[in-house]
Amino acid sequence: MTGPDGSALPTRGPGVLLTVEGLCKRFPLPRGFIGTLTNRPTEAVHAIDGISFELQRGEIMALVGESGCGKTTTALTLMGLLEADEGTIRFNGEDVTHLGRSVEAPRATIAALERQSFRREPSFQPTLTMKDLRRQVQMVFQDPYESLNPRATVFETVAEPLEVHGLAGTRDQLLERVRRALEDAGLHPAEDYLWRRPHELSGGQRQRVVIAGALVLEPILLIADEPVSMLDVSIRAEILNLLDDLRTRRGISVLCITHDLGTAAYFTDRIAVMYLGRIVESGPTQAVLAHPLHPYTRALLSVIPVPNPRLRRKRMILTGETPNPVHLPRGCRFHPRCPIATARCAEADPAWREVTPAHSAACHEAVAPG
Amino acid sequence: MPRAFRPRRLPEVGVPGRGAGMMKPTARWRERLASVVRLFGRNRMGLVGLAMLGLAIGVAVLAPWIAPYDPETTGRVTIDDIYARPSAAHLLGTDDGGKDVLSALVYGARVSLVVGFAASLISMLIGGSVGLIAGFYGGRVGNLMMRLTDIFLVIPDLPLMIVIVAMVGPSLWNIIIVIGILGWTGTARIVRSQALSLKERQFVLRARAIGAGNFHILRRHIFPLVLPLIVTNTVLVISLSILEESTLSFLGLGDPTTLSWGGMLNFAFTRGAISTGAWWALVAPGLGIVWVVLGCTLLGNALEEAFNPRLQSHHLQGEERMIARPAQPGASDA
Amino acid sequence: MSERPTAPPLLDVRDLTTRFITPEGVFHAVEGLSFQLERGESLGLVGESGCGKSTAMLSLLRLLPAAGRIVGGQALLDGTDLFGLDESDMRAVRWHRISMIFQGAMNAFNPVRTVGAQIAEALVFHGLAQDRGEAQPRVDELLEMVGITGARGSQYPHQYSGGMRQRAMIAMALACSPQVVIADEPTTALDVMIQAQILELLERLQRELGLAVILVTHDLSVVAEVCHRVLVMYGGVLAESCEVDGIFNQPLHPYTRRLLAAFPDLSRPEGKLVSIPGYPPRLNALPPGCRFAPRCEEVHERCLQERPKPRQVLPGHWVACHLHEAGAANDRT
């Protein structure tokens, strides 16, 4: 990757930017007093359980799934805010899996994000190399009302990453870079926004400020965790278009994490659908939408509301909600909710296979479209 | 008491105009201060508290000019001067030594306020740091700190204070330090809980994602948001400290070289003010204490509301006055 | 749908005007809003946040924040004006005849009481049962109705998922067998699959119980899935209202059209999303003319000066826009 001085920025262009292989993250559940006494085996939440994917330079990929499927854990692990238990993360060809060893985010934050309870662990100062990675991988959070410090002005928020990385320079240089980031994020004229505080901004503007704060370090990968789900539908388009624009103009790769296939369909190149800590289907957006291979993808597609009453159709509503990732079902983990499950599904975990070129799924029944 | 009218923040109603964003940081600071002052100003009880405390401070600062007599100099005392009733010469009467109670009251304000402010400053420093560290870092150190806090919290303050003061000797500074050291637990607990909830907020996670370290996060994201709480709490701790100083002095553990309100009470109580019916010698310092404590409490509560407007209720109400005009067909204009 | 087509509508709102009077000025949250709701009908109330849709609904229940004032209009429920009732009569309307599922209310359950107990409490409070024991069969019935097995009634809210809490909230709203249920953003914080489950539930309850439902949402596609009629609000006023098909296939108001274009629509994936430039008007500083004029692409001189009144342009299709006055003649009554 880069030296400590950050001089050699990775080149932009075709090629693989991010490779994730067999990534696992478990959160052991507290055993409790009796459990410790009887030495009961520790149970764990299998938040992510062996996911692998590749992200090309300049590509926008969506990681789609319901809450509790592990998509936020994936994002935090990629950010180095959680440490993977197994598997590797390669960024630009370099193994960065354990760079984040020392900077685990506070447990309760993740618990709130994933609505699960986890063990406590101490947090320490990040290492220098992690800082280098941080400059190149930035994150946009779900809730623009929560991810800005209510007391900080827009300028302070956007300038903060530069200060943290010691790149602030003179006051004028800093102001110039902040101004440029704001304009890049679609807030112009930037002067209008510099000294505002979050409560003086609308939801869309706040999300743009968060994006500007991520852009100011000129990252090459942006991880966006539900970037629009808290926004009014009328504003969503502008944020999605902005992300798309950043890819086109600056070659930034975007990993977009969302529960809404409809949103993902609009601006991503590739979609990976997650269910219970695994990727169950992945392929080019158009292929996934036109010929979903996995029954879970089909169900997700069928429940997306279509803004046209003439196209009201039979929804394929799955009963219940994503099962508890502590006791995973035997065989295919989707089979208890699957409308087409067979006896085999309850026995054997389906292998990941490429059904048509670049379009893969983990389902016994997946067949290439006729 | 009819509730004072307070405006409520409405659900998002469009975006503030450009004007607000154009201001320079200094102007914005002034504006923010102005908004706190405005919110505070709406709270009449807070203004009353501020006035009460202000008056007490004014009296303490200007004591030499206000007090009709110098409490240090002792003139000739005749039997008539002892516990003399309030008169033109002695507006609040005299005490057992024939000295003017009003003058003692005015000078006593100095002692009580100095003890109150200094002790609560110590409490704030200890409580604030303990709370921040315990809340933000958590883990073993944080737990240890909170257990320590719990121990301080369960030990009855007064007996411990009496023991310590008896051991180290009752000088003014000893009393300040003892009160300060024993009075920080409340602040620590409040600050800790605030820090605990703040560190789980998404903007702290965002700071981590940027690559910020703990110290940066503490300085930029936790401390500024905890500060108003510390300030508010300090005002309330001042009143507690004054009460504690009065208690110690009343029990005869006050600094013998200075006469605080508690000391005045002690002298009056032990030297027969009650049996001689000299109520003024008891009521004057008592009212002084109540005055300052009440002022601090009112001010503290008002500050709490001004810093944290969310404390104001947002409850939906179903009142008849909601319908401003009886509905008539076609009554409204487009 | 009703047996007698000439019967008056269940709920007839005329010229509802609600303002917030604050030191920062008067906020014209709802201005001259009129609509009808038939028995068993499902009406979608659509608009961006801050457009007054929630305020309009709270006005119907006469539950406003303290600065809110209903300054004009009528809300006739079966011919009785809700704004003319005294507070005790109004209490007999709330929950018993019109109930509301508040936005985010699924997180409003008391965490230390079981869900069943809380519903039973509501039944006792509204005088539908003497004590909790007597309420129990009804609690089971209500939970059953929303797809929660009776046994789970004795569980605590934290043992419920978000979707289940929302179901329980709906059960609570149905406790007094109301005629009208107002659901304010009932699916906003939920995953798509859970959203579909909740919408399906609302549809089924409406069919089975003959409920009239007002669905308040910012999401046009949700409305397209479940509603019969749609009312689009902008800046506190009605922009357009008609049968659901008309809104999506023959939108007349420029705002409705822009709103539709801003929507991800899987049925036409080639279209690019176009957001609406600018921001909704500040309700304490409204433009003199049409409230949408500053953001409108088809704005005329007249739009900046004169407020358009809602007119029936096509049968059952009301639009408040100067561009659509062709059918105005039908409206001059």
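Throughout, a chain's letter reflects where its sequence line sits, starting with A, and its residues are numbered from 1.
Residue Ile239(A) does not touch chain C at all, counting heavy-atom pairs closer than 4.5 Å. Only the backbone of Leu231(A) comes within less than 4.5 Å of a heavy atom of chain C; no side-chain atom from C-beta onward does.
Other residues, nucleotides and ligands place more than 12 heavy atoms under 6.0 Å from the CD atom of Glu208(C).
Nearest heavy-atom pair across Ile317(A) and Ala196(C) is CD1-O, 3.6 Å. Nearest heavy atom pair, residue His259(A) against residue Leu190(C), reads NE2-O, 3.8 Å. Phe263(C) and Tyr266(A) get closest at one heavy-atom pair: O-OH, 4.1 Å. The two residues Val303(A) and Val192(C) have their closest heavy-atom pair at CG2-O, 4.0 Å.
Contacts with chain A (heavy atom to heavy atom, under 4.5 Å) involve these residues of residues 242-255 of chain C, listed by number: Val244(C), Asp245(C), Phe248(C), Asn249(C).
Here the side chain of Gln197(C) pairs a donor or acceptor atom with the backbone of Leu318(A) at under 3.5 angstrom.
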